[in-house]
Structures are given as structure tokens and as C-alpha cells.
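Throughout, a chain's letter reflects where its sequence line sits, starting with A, and its residues are numbered from 1. Just so it is clear, the values below take in all heavy atoms, side chains as well, and ignore hydrogens, waters and symmetry mates.
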Amino acid sequence: AQSVSQHNHHVILSEAASLELGCNYSYGGTVNLFWYVQYPGQHLQLLLKYFSGDPLVKGIKGFEAEFIKSKFSFNLRKPSVQWSDTAEYFCAVKATSGTYKYIFGTGTRLKVLA
Amino acid sequence: DAGITQSPRHKVTETGTPVTLRCHQTENHRYMYWYRQDPGHGLRLIHYSYGVKDTDKGEVSDGYSVSRSKTEDFLLTLESATSSQTSVYFCAISLAGGPAGDTQYFGPGTRLTVL
């Protein structure tokens, strides 16, 4: 069965610090990968996604993620965080065939100190 | 936001009562999903639909049923609400097959409290 692990449950950073959030998945086949962000009191919004091609994908608000197939990882990065990046971040994976289901990680709460 | 609305947005109910949550989409997408979000658990899939009258169970389907009689509406029913079903419920749609590929978009959520 597919699963997604987000190892960092809570992260606290100061403004301008660099961010890297880990995401690992378990599935042997081809996958689509996603990062979503949820600001306090709001619904999930898509940050970025990987379907195929260049393993380094860029999303909104200066976020990027790198797909490393050999490590089953899809880590999220941002060179310099802002206070407004305070939110919860979710990694998700979907197999490209044989299922309609998306599997989500348990989320990482990021707090950015001004 | 793919035109997704959920109703009600907030509901307080008592243990043992039936509750129905509605998800409505305006853009005719085939795939619709119900998740619940709880601290420490992320999002867990309750049920999903891959077409009118075509539904299947997710990982936490016990105590929930769904119906989809029209493309635009996906209903989630708690047959007899329990306190463990206190949660935030999100509906999602998937743009599978379109230019955006298999991307999910989420509704605003329904906060349900079962007393």
C-alpha cells in the first residue's frame, strides 16, 4: 500500500531562514507528487506538483521541490521564508494508474517568527 | 478554486443524530472526494466517487455513507453521529484527464462538532 511520511511535524524558523521540509513515499510504480499549503482557518491550496520531466519543480510564492526517484523523496524548499509562510504543509502522492486515491502525509506545521 | 462549495460550513449536532454534508461543484468534474482532517492525522479519505452513482470506500469509511445522484453534488452522511466524528470535513475534486492532469482542488471545509 502507498504511504507518505513527513518527518518534521513542527518547524520554527526566523524570517529569512531557509526551509526544507521532508517528504518520502512508499510505492514502487510511477507517481504524481504534490505539496499543499493550509493557512490558518483555510482550505488546502496547491503549492506545486510533479508529474514528469524536470525533477526540480517550481511553485507559487517562491517554493520549489525536488523529486529524487532513487530516494522516493519529494522535499519542499524555500530559500528565504517570510512570516506569511506560517501554515501547515502537506505532501501527497497518487499512483498514475490503478487508483483514484491520493495519499496524504500527516503534515508539517511551520511557524515563522518575525 | 474549481468552483467548489460546501454546506453547511459549521454544524453542531448531538450524538446519535444523522447528519448530511453537501459538496457542490460547478465545473462538471468526474472525480470527487470526502476527507476528514484531524490533528496529527493529516487528511484521511472517507469515500470517493468516480462518476454518478459510482462510489468507493476510503481508509476511514465506517459510520459514513455517500451518494452522488448528479455530477455536481456529492453528499456525505453520518448515519448516527458520534463524538469521534467531530472533525473538519473537506471535499475535493480531481481534474483527472484535463490539462492540469491529476490535480486535486479542495473546498472550504465544514467544521462539525458532535456533542
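Within a 6.0 Å radius of CD in Glu14(B), no more than 12 heavy atoms belonging to other residues, nucleotides or ligands are found. Applying the 6.0 Å contact sphere to CZ of Arg30(B) captures more than 12 heavy atoms from other residues, nucleotides or ligands. Remark: Arg44(B) CZ is packed, more than 12 non-hydrogen atoms of other residues, nucleotides or ligands lying under 6.0 Å away. Applying the 6.0 Å contact sphere to CG of Asp54(A) captures more than 12 heavy atoms from other residues, nucleotides or ligands. Atom CD1 of Ile12(A) has 12 or fewer heavy atoms from other residues, nucleotides or ligands within 6.0 Å.
Only the side chain of Gln37(B) comes within contact range of chain A, with at least one heavy atom under 4.5 Å from a heavy atom of that chain. Looking at Leu45(B), the atoms closer than 4.5 Å to chain A (heavy atoms on both sides) all sit in the side chain, from C-beta outward. Neither the backbone nor the side chain of Gln6(A) has a heavy atom closer than 4.5 Å to any heavy atom of chain B.
Linking Ile, Leu, Val, Met, Phe, Trp and Tyr residues whenever their side-chain heavy atoms come within less than 4.5 Å places Phe74(B) and Tyr64(B) in a single cluster. With hydrophobic clusters built from ILVMFWY side chains whose heavy atoms lie under 4.5 angstrom apart, Met32(B) does not share a cluster with Leu75(B).
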* Go through the steps to decide whether Gln38(A) and Phe90(B) satisfy the test side-chain contact (heavy atoms from CB on, under 4.5 Å), and finish with yes or no. => CA-CA 12 Å; Gln38(A) 185 178 32; Phe90(B) 286 101; 3.4 Å; yes

* What do the steps show when you test Tyr105(B) against Leu44(A) for side-chain contact (heavy atoms from CB on, under 4.5 Å), and what is the final call? -> CA-CA 8 Å; Tyr105(B) 292 91; Leu44(A) 276 75; over 6 Å; no

* Asked: Going through the distances and angles, do Tyr36(A) and Gln104(B) end up as a side-chain contact (heavy atoms from CB on, under 4.5 Å)?
  -> CA-CA 10 Å; Tyr36(A) 287 86; Gln104(B) 273 195 327; 3.3 Å; yes

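The distance between the ring centers of Tyr100(A) and Tyr33(B) does not fall below 6.0 angstrom.
Taking OG1 from Thr103(B) and CG from Leu48(A), the interatomic distance works out to 11.0 Å, rounded to the nearest 0.5 Å.
In plain terms, the two heavy atoms of Ser94(B) and Tyr102(A) that are nearest each other are OG-OH, 2.9 Å.
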